[in-house]
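Remarks on the structure that follows.
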Amino acid sequence: MTIMPTKSSLTIARPKHPPPILICGKCLSKIDGGKKLKQALKAELKHAAAAQGGKRPKLVTTGCLGICPKRAVVTASAATLAKGEYVLVEDRKQVEEAVTALVNQS
């Protein structure tokens, strides 16, 4: 009796766009100026992508990520999650540094 290897039904897709940046919607609603913080983060992602000559990663609002800081917003990307890290952003002054941490693949 010959056993044939079963074909895997798993399909893997590799999009042309960079991986998304996740931002906690619950944190955004609790912090003062959350909407402006999100807009600043989106603008800085666009600026960083233009400087590198690539496409801007999408900023995706998620549910609770489980960190729940008192005065900050939790963000994450594929690069930070691979290292088991989250980036906490307290105000718009930290947005540029946060984008560097989120987009940096090393």
Side-chain angles (χ1 to χ4, degrees):
M1 181 167 122
T2 306
I3 299 175
M4 301 289 268
T6 60
K7 182 180 176 186
S8 175
S9 62
L10 183 64
T11 303
I12 298 174
R14 291 199 172 92
K16 296 177 185 178
H17 301 283
I21 304 294
L22 307 176
I23 186 166
C24 178
K26 186 175 177 182
C27 291
L28 281 174
S29 66
K30 288 185 174 186
I31 194 169
D32 289 336
K35 187 174 182 179
K36 289 186 179 188
L37 180 68
K38 182 179 176 183
Q39 290 171 345
L41 190 57
K42 190 174 181 179
E44 186 61 33
L45 285 168
K46 185 176 181 179
H47 177 71
Q52 294 177 351
K55 293 185 178 184
R56 175 183 64 83
K58 291 210 179 261
L59 187 61
V60 179
T61 304
T62 66
C64 183
L65 294 171
I67 305 296
C68 303
K70 291 215 181 265
R71 292 180 272 306
V73 176
V74 179
T75 60
S77 67
T80 61
L81 290 174
K83 296 184 274 186
E85 298 173 347
Y86 295 90
V87 178
L88 304 180
V89 185
E90 291 182 15
D91 56 25
R92 291 189 291 176
K93 297 173 192 168
Q94 296 179 331
V95 168
E96 186 176 347
E97 187 179 357
V99 167
T100 302
L102 290 165
V103 177
N104 190 4
Q105 298 295 325
S106 55

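Treat the numbers as computed from the prediction; the structure is a model and nothing was measured. We're numbering straight along the sequence, starting at 1.
Counting all heavy atoms, side chain and backbone alike, Val74 lies closest to Cys68 at CG2-N, 4.3 Å. Annotation for Cys24 and Cys64: closest pair SG-CA, 3.8 Å, computed over non-hydrogen atoms. Residues Pro69 and Cys27 come closest through the heavy atom pair CD-SG, 4.1 Å. When every heavy atom of Leu28 is checked against every heavy atom of Gly34, the shortest pair comes out as CD2-O, 3.2 Å. Of all the heavy atoms in Gly25 and Thr61, the pair that sits closest is CA-CG2, 3.5 Å.
Side-chain contact between Lys55 and Pro18 is present, with heavy atoms from C-beta onward closer than 4.5 Å. Residues Lys42 and Lys46 form no side-chain contact, since every pair of their non-hydrogen atoms from C-beta on lies 4.5 Å or further apart. In this structure, Lys36 and Arg92 have side chains that are in contact, with non-hydrogen atoms separated by less than 4.5 Å. In this structure the side chain of Ile67 reaches within 4.5 angstrom of the side chain of Leu88, judged on heavy atoms. At least one side-chain heavy atom of Val73 sits less than 4.5 Å from a side-chain heavy atom of Leu37. In this structure the side chain of Val89 reaches within 4.5 angstrom of the side chain of Val87, judged on heavy atoms. A heavy-atom distance below 4.5 Å is not found between the side chains of Ser77 and Val103. The side-chain heavy atoms of Leu59 and Lys38, taken from C-beta on, include a pair separated by under 4.5 Å.
Between the side chain of Glu44 and the main chain of Ala40, no donor-acceptor pair closer than 3.5 Å is present. Between the side chain of Thr80 and the backbone N or O of Leu102 there is no donor-acceptor pair closer than 3.5 Å.
Crowding of Glu96 atom CD: a count of heavy atoms from other residues, nucleotides or ligands under 6.0 Å not exceeding 12.
Between the CG atom in Leu41 and the OG1 atom in Thr75 there is a gap of 6.5 Å [rounded to 0.5 Å]. Taking NZ from Lys30 and CZ from Arg71, the interatomic distance works out to 13.0 Å, rounded to the nearest 0.5 Å.
In the hydrophobic clustering of ILVMFWY residues, with side-chain heavy atoms under 4.5 Å counting as a link, Val60 and Leu45 come out apart.
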